[in-house]
Asks: 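The following block contains the structure, expressed as structure tokens.
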Amino acid sequence: MNTRDPLASLRPAACLVAAVTVAVSALAVQPAGAEAGPRCAGLARTVLAHSHVKSISSELVPATATLPAYCQVDLVPTRAINVRVTLPLSTADAGAGGTYTGAWNGRVLNVGGGGYGGDLGDLGVPVRRGEVGSVTDTGHSSAWCDATDPRTGEANAQPGCGEAGGGFVLSPSGELNTPQVDDFIDRSLHEQTVWALSLAKSYYGRAAQRNYWVGGSTGGRQGWEMAQKYGDEYDGFLLGYPAVNWNRFIIGEAWPAVVVNELLGPGGLSPAKSDAANAAAVAACDPEDGVTDGVVADPRRCAFDAREVTGLTAREAEAVDLIWDGPRDAHGNWLWGGITRGTTFSVLLPGGNTMSPLIETYLRNWLEQDPAYDWRRNLTMENFPRFFEASYRKFEKTAATDSTDLSKVRKNNGKILSYTGTNDPLILPFNSYNYQQRLYDRYGVRGTRSFVRTFYFPGVGHTEPDLTGTTDARSRLLDALEAWTEHGRAPESFGQKDPGTGTERTVCAYPDTATAPGAGAPCTTRTSVPADLAAQSTTALDRR
């Protein structure tokens, strides 16, 4: 690991005493014989004496029925970025049982957020695992959005941060706040990591042995961003259903609503009819993997046509097929992938006739810079490629999260374990397939798999998979990452169980495949991606 230490910049404490709020706990009594070092109650004061921070507090949080006691530090290092760090108790605070010092096992676990950020997420996982944990609000909150900017006399952003929290980048006068984009995309995440490492060293008197990032959805995107820009500062990354290709995947997922609005009008496509189409697709393609279990093993190879669904009008079947296919340019080349067959339309097409707020807020606040923008009157299937290109270009330099240059990760001997559900209805699996294929194009399958392993779990949506065994999936996956990073045991496969049918299967590291149905089957090693699947993971922009 190699990262800057904010405590290395000295500043007299008297200059900043007014900025600190130190929460003193009666539990923070130093036991006799404990090693010298700051107790939790004094940690904020120690940091304050040697660093530039806007505010900081520290308090010892007592144990509960589900969590051990820990030290919690809240700080605002710069701008409006809030960071929270939790630390297993040091010996000075009577911490014991850890494998490194006090109650600590020597690892730092930086946890990603969700959606458009704006709050501090849960750090229960690292607390339970005896690891230092960190999280950030990504540089904004509802209170910040509503606060008055003294330079302009108006609020910082849209009221309450706008629709689905995505209006934090837009001022009331319609100006795009690029520094807030930077905070959200990477600046706050790096601050979070730097401070987690620095506070650990200050509290325990010893540097961390390992530094990890873990997150799903936005948190997965954040992890890829850190791997692309600061890969030499981490030992490993656990990245679930990630929102990479930020400037392409969001506009690409506006497609279902545009199709239905144009072909079917205000009435839209009833959820009952889209559900029937998906059920018919599963029934047709389920047996292709040799076992009928209600799950399509690889939806990309399901070519079921909605015109075969009883009860759909010709226009409705056309809409379903276009949604499954995804948007294309005027030459018939894919711009982005579609919803996989067997996956509900309800997330990207709520009620069958509207656009997901998470997508709509991006279109309005980020792309068009108009919170009242009427996409129904402006977006069509014909002009959709123009909007897609505009989104790509506008945030190509600031918010794409699509670089395949992972040289810093490789140089640091870091490892990345990524996973996605093949029926994710929010961040379509095409997003991961596309990025994964571009990694293979750059490093080759063998070269990529030496430091990146990706798993695609059939039948799983926007969540963790159900894995065989008694340990929860996130812990199992973290354990696998740590075993790979620290002991060289690369994950080859996981046993997955279907929560509905109880069916078990072996999920191999992509592009390997299991030799037989059921859990425990060995994997067949592939040195390349089959041509049809590689073609379905590539877009017109990728070939430029």
Side-chain angles (χ1 to χ4, degrees), residues 241 273-312 317 320-326 334 336-345 419-425 427-434 436-437 440 445 454-463 465-468 492-538:
Y241 35 99
K273 290 193 173 184
S274 62
D275 288 348
N278 278 306
V282 171
C285 298
D286 177 8
E288 292 178 357
D289 62 346
V291 58
T292 302
D293 55 4
V295 174
V296 180
D298 193 332
R300 292 177 296 174
R301 284 193 162 138
C302 180
F304 181 77
D305 194 314
R307 289 175 295 183
E308 298 182 30
V309 180
T310 302
L312 293 186
V320 171
D321 282 333
L322 285 168
I323 290 170
W324 279 340
D325 188 58
W334 265 306
W336 207 242
I339 297 177
T340 54
R341 288 167 174 80
T343 300
T344 180
F345 289 8
Y419 59 100
T420 293
T422 63
N423 292 105
D424 191 331
I427 300 177
L428 305 183
F430 178 87
N431 199 33
S432 290
Y433 283 124
N434 174 264
Q436 183 74 58
Q437 186 61 45
Y440 289 157
V445 171
T454 305
F455 295 84
Y456 293 94
F457 291 97
V460 174
H462 195 69
T463 186
D466 281 286
L467 301 180
T468 55
E492 301 292 343
S493 65
F494 290 97
Q496 180 193 358
K497 55 185 178 181
D498 185 271
T501 64
T503 301
E504 295 188 359
R505 64 180 63 87
T506 298
V507 176
C508 304
Y510 186 75
D512 294 354
T513 56
T515 57
C523 296
T524 298
T525 301
R526 284 178 169 171
T527 57
S528 64
V529 178
D532 62 326
L533 299 185
Q536 290 189 58
S537 302
T538 306

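Because only heavy atoms are used, hydrogens play no part in the values below, and waters and symmetry mates are left out as well, while side chains stay in. In this text the structure is predicted, and so the values were computed from the model without any measurement.
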Asks: How long is the straight-line distance from SG of Cys285 back to CZ of Arg341, given to the nearest 0.5 Å?
Replies: 7.5 Å
Asks: Quick check: does any side chain N or O of Thr515 sit under 3.5 Å from a backbone N or O of Thr524, one acting as donor and the other as acceptor?
Replies: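 Side chain of Thr515 to backbone of Thr524: no pair is present.
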Asks: So which heavy atom on Asn278 is nearest to which on Trp324, and how close?
Replies: OD1-NE1, 3.3 Å
Asks: Roughly how far, to the nearest 0.5 Å, is CZ of Phe457 from CG of Asp466?
Replies: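 Going from the CG atom of Asp466 to the CZ atom of Phe457 covers 10.5 Å.
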Asks: Knowing that exactly one of Cys523, Ser528, Pro530 qualifies, which makes a side-chain contact (heavy atoms from CB on, under 4.5 Å) with Arg526?
Replies: Pro530
Asks: With sequence neighbours excluded, tell me which residues meet salt bridge (charged side-chain N to carboxylate O under 4.0 Å, His left out) with Arg505.
Replies: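 By the salt bridge (charged side-chain N to carboxylate O under 4.0 Å, His left out) rule, Arg505 matches Asp293.
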Asks: Is Pro517 close to Glu504 at the side-chain level, that is, under 4.5 Å between some pair of heavy atoms?
Replies: no
Asks: With rounding to the nearest 0.5 Å, note down the distance linking CG in Asp512 to OG in Ser493.
Replies: 9.5 Å
Asks: State, to 0.1 Å, how close Val296 and Asp286 come at their nearest heavy-atom pair, and which atoms those are.
Replies: CG2-N, 4.2 Å
Asks: Can you tell me how far the CG atom of Asn431 sits from the OG1 atom of Thr420, to the nearest 0.5 Å?
Replies: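 Between Asn431 CG and Thr420 OG1, I get 8.0 Å after rounding to 0.5 Å.
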Asks: Is there a side-chain contact (heavy atoms from CB on, under 4.5 Å) between Thr422 and Thr340 once you walk through the steps?
Replies: CA-CA 7 Å; Thr422 63; Thr340 54; 5.7 Å; no
Asks: Looking only at heavy atoms, what is the nearest atom pair of Asp325 and Trp334, with distance?
Replies: O-NE1, 2.8 Å
Asks: Would you check, one step at a time, whether the test side-chain contact (heavy atoms from CB on, under 4.5 Å) holds for Gln437 with Val529?
Replies: CA-CA 8 Å; Gln437 186 61 45; Val529 178; 3.7 Å; yes
Asks: Can you sort out the partners of Asp321 under salt bridge (charged side-chain N to carboxylate O under 4.0 Å, His left out), two or more places apart, ordered by chain and number?
Replies: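 Per chain and number, Asp321 pairs via salt bridge (charged side-chain N to carboxylate O under 4.0 Å, His left out) with no residue.
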Asks: Of Tyr456, Phe494, Phe455, which is the lone residue that meets ring pair (Phe, Tyr, Trp, His ring centres under 6.0 Å) with Tyr510?
Replies: Tyr456
Asks: For Cys508 and Thr513, work out which heavy atoms get closest and say how close.
Replies: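 Reported closest heavy-atom pair: SG-C, 3.5 Å.
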Asks: Has the side chain of Gln496 got a donor or acceptor atom that lies under 3.5 Å from a matching backbone atom of Pro458?
Replies: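 Yes.
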Asks: For the pair Thr506 (side chain) and Gly518 (backbone), establish whether a donor and an acceptor sit closer than 3.5 Å, ignoring hydrogens and angles.
Replies: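 Indeed, once roles are kept as given, a pair shorter than 3.5 Å links the two residues.
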Asks: Mind checking salt bridge (charged side-chain N to carboxylate O under 4.0 Å, His left out) for Asp275 and listing every partner two or more places apart, or none if nothing turns up?
Replies: none
Asks: To the closest 0.5 Å, what do you measure between CG (Leu533) and OG1 (Thr538)?
Replies: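 Going from the CG atom of Leu533 to the OG1 atom of Thr538 covers 10.5 Å.
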Asks: In Å, rounded to the nearest 0.5 Å, how long is the span from CZ of Phe430 to CZ of Arg300?
Replies: 10.0 Å
Asks: Could you give me the CA-CA distance, side-chain angles and deciding distance for Ile427 and His462, then say whether side-chain contact (heavy atoms from CB on, under 4.5 Å) is met?
Replies: CA-CA 7 Å; Ile427 300 177; His462 195 69; 3.6 Å; yes
Asks: For a quick test of reading the model, state the closest non-hydrogen atom pair linking Leu428 to Ile339 and the distance between them.
Replies: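 Closest heavy-atom pair between Leu428 and Ile339: CD1-N, 3.7 Å.
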Asks: Go through the steps for Thr343 and Asn423 under the test side-chain hydrogen bond (donor to acceptor under 3.5 Å, both in side chains), then give the verdict.
Replies: CA-CA 5 Å; Thr343 300; Asn423 292 105; 2.7 Å; yes
Asks: Please step through side-chain contact (heavy atoms from CB on, under 4.5 Å) for the pair Phe345 and Val320, ending with a clear verdict.
Replies: CA-CA 10 Å; Phe345 289 8; Val320 171; 4.2 Å; yes
Asks: So do Tyr419 and Pro465 actually touch side chain to side chain, heavy atoms under 4.5 Å?
Replies: yes
Asks: Where do Leu312 and Ala306 come nearest, in terms of heavy atoms and distance?
Replies: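 Minimum heavy-atom separation between Leu312 and Ala306: CD1-O, 3.7 Å.
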